[in-house]
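To keep things clear, I will list the structure first and then write my remarks on it.
Note that this is a predicted model, so its numbers are computed, not measured. Every chain is numbered from 1 and lettered A, B, ... according to where its sequence line falls, protein lines coming before strand lines.
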Protein chains: 2
Amino acid sequence: MNELHVLTTGEAARYCGVNFRTVIRWIERGQLKAYKLPGRGDHRICVEDFVGFLRDNAMPVPNELAAASRKVLMLASDPELTAGGRQALQQVGCEVDVASDSFIAGTLIAGCKPALLVLDANLAGVNGFQILDHLRSRSEYANVRILVVAPAGERDQQRWLDGGADALVLQAGDRTELSAKAKLLLEM
Amino acid sequence: MNELHVLTTGEAARYCGVNFRTVIRWIERGQLKAYKLPGRGDHRICVEDFVGFLRDNAMPVPNELAAASRKVLMLASDPELTAGGRQALQQVGCEVDVASDSFIAGTLIAGCKPALLVLDANLAGVNGFQILDHLRSRSEYANVRILVVAPAGERDQQRWLDGGADALVLQAGDRTELSAKAKLLLEM
DNA sequence: GATATAGTTGACAGGTAAGTCAGGTTACAT
DNA sequence: ATGTAACCTGACTTACCTGTCAACTATATC
């Protein structure tokens, strides 16, 4: 049985040094995802959502919650990229999952709630723009950062950024560039 | 592993991250359906009632309990199949979601926790075997039933079943056959 | 620099659900 | 048949909810 880790408004408030009333207002405004208990209407916040919210607002992430903010999912199949990327990301402290199939990537992004998605734009049979579009149109993925690996001659780089990508690296580039940008996006 | 049909208050409490005393109060207030054992007055909660309660209150549903519902996810794009299938499934009491993209389907299977996946084997660009393989290799999807819609001349029918599909209907077949098999699978 | 305005946060109080603890009993596994 | 873990109840404590209001902050305007 999985013990799900959730926070009360009071705990969340203490973590970020504000009044609990303020946390409730964030929730009411839809900026912080939470669900309610049936009784008094107590709010419960999943740690992943809370950490995502903190990252989104450049607020410090408490050490004991930091693990939830180092998860990275890579959707790619090119072995050079998956192996090299994984290694580079691990070296900067990330916990890396790799999926070469978009269905599998979908299950992982919803199930493991990674903080960052590394998306290979060259992946055959996968419409990266559609994925971006889906993620950006859903509030539950608002906190997921997206780093696109684009082909060298890509003329659509601006399109990726317009479509919701947070950053972009070139397929041909050094893998340390990838991990550096990832680190930046995770604000670690 | 014997299947759980009922939960104790302690188990329910752990599933939703509250104290067992709180669960008992939900039951006393009539918000959560349960019955009592004659002896000490132990409460027992049917999983379907519990899952319904969780869904009603927008609380997260644990993977291993999600099978106790009538939610169906269909991964298909053929309009004839999606429309006809949806209608047939709704007629036997299912709650149906349809996705035509495999990434989106992945996010939905992890996010909405359907009890049944209807998978169109003809879908272009999607490797159904890979999906089956992934779902069957992960314990959190062990209880998700899978119904494959195979092309008429499919000679690989046994391969689908070997790969983990619970049942199979022909693309050309009647939609009532699909809903009948779905119903059967949901009652397991 | 001073002032006005809008938006956000903190403080307080009254009500109530949720958590804790202790003592007793049953359910279940062996 | 027996031992133990888990559940029950009741009383008590803690902490969250709502509403309101005052104080603070940021921004714009003069």
| Glu95(A) with Arg70(A): basic N within carboxylate O range, under 4.0 Å | no
| field | Most 5' of His43(A) and Thr8(B) on DNA chain D, judged by nearest nucleotide | value | Thr8(B)
| query | Is the shortest distance from a Lys or Arg side-chain nitrogen in Lys181(A) or Asp174(A) to a carboxylate oxygen in the other one below 4.0 Å? | reply | no
| field | Heavy-atom donor-acceptor pair, Arg25(A) side-chain to dG10(C) base, under 3.5 Å | value | yes
| message | Tell me whether the side-chain N/O atoms of Trp26(B) come closer than 4.0 Å to OP1 or OP2 in dA18(C). | response | yes
| message | Is there a side chain to side chain donor-acceptor pair (under 3.5 Å) between His134(B) and Thr107(A)? Walk through the geometry before answering. | response | CA-CA 10 Å; His134(B) 177 69; Thr107(A) 66; 3.1 Å; yes
| message | Just the rounded figure in Å: distance from C1' of dT16(C) to NZ of Lys36(A). | response | 15 Å
| message | Do Val47(A) and Val72(A) land in one hydrophobic cluster if side-chain heavy atoms of ILVMFWY residues count as linked below 4.5 Å? | response | no
| Test: Arg159(A) cationic atom under 6.0 Å from Phe129(A) six-membered ring centre, within 45° of axis | yes
| Nucleotide by nucleotide, 5' to 3', does protein get under 4.0 Å of the base (B), only the sugar-phosphate (S), or neither (-) in nucleotides 25-30 of chain C, counting heavy atoms? | BBSS--
| message | Do Val18(B) and Arg44(A) have side chains that approach each other closer than 4.5 Å (heavy atoms only, starting at C-beta)? | response | yes
| task | Please report, rounded to the nearest Å, how far the P atom of dA13(C) is from the CG atom of Asn19(A). | result | 14 Å
| Heavy-atom check, side chain of Cys94(A) versus side chain of Leu186(A), under 4.5 Å | yes
| With the 4.5 Å side-chain cut-off for hydrophobic clustering, are Trp26(A) and Val61(A) part of the same group? | yes
| Steps toward side-chain contact (heavy atoms from CB on, under 4.5 Å) verdict (Thr82(B), Ser77(B)) | CA-CA 7 Å; Thr82(B) 55; Ser77(B) 62; 5.8 Å; no
| Atom CZ of Phe20(A) to atom P of dA13(C): distance rounded to whole Å? | 13 Å
| Just how far, in rounded Å, is C1' of dG19(C) from CZ of Arg21(B)? | 10 Å
| field | Segment of DNA chain D, first to last nucleotide, that comes within the 4.0 Å heavy-atom reach of chain A | value | dA15(D) to dT20(D)
| remark: When rounded to whole Å, the CD1 to C1' distance for the pair Ile24(A) and dG10(C) reads 13 Å
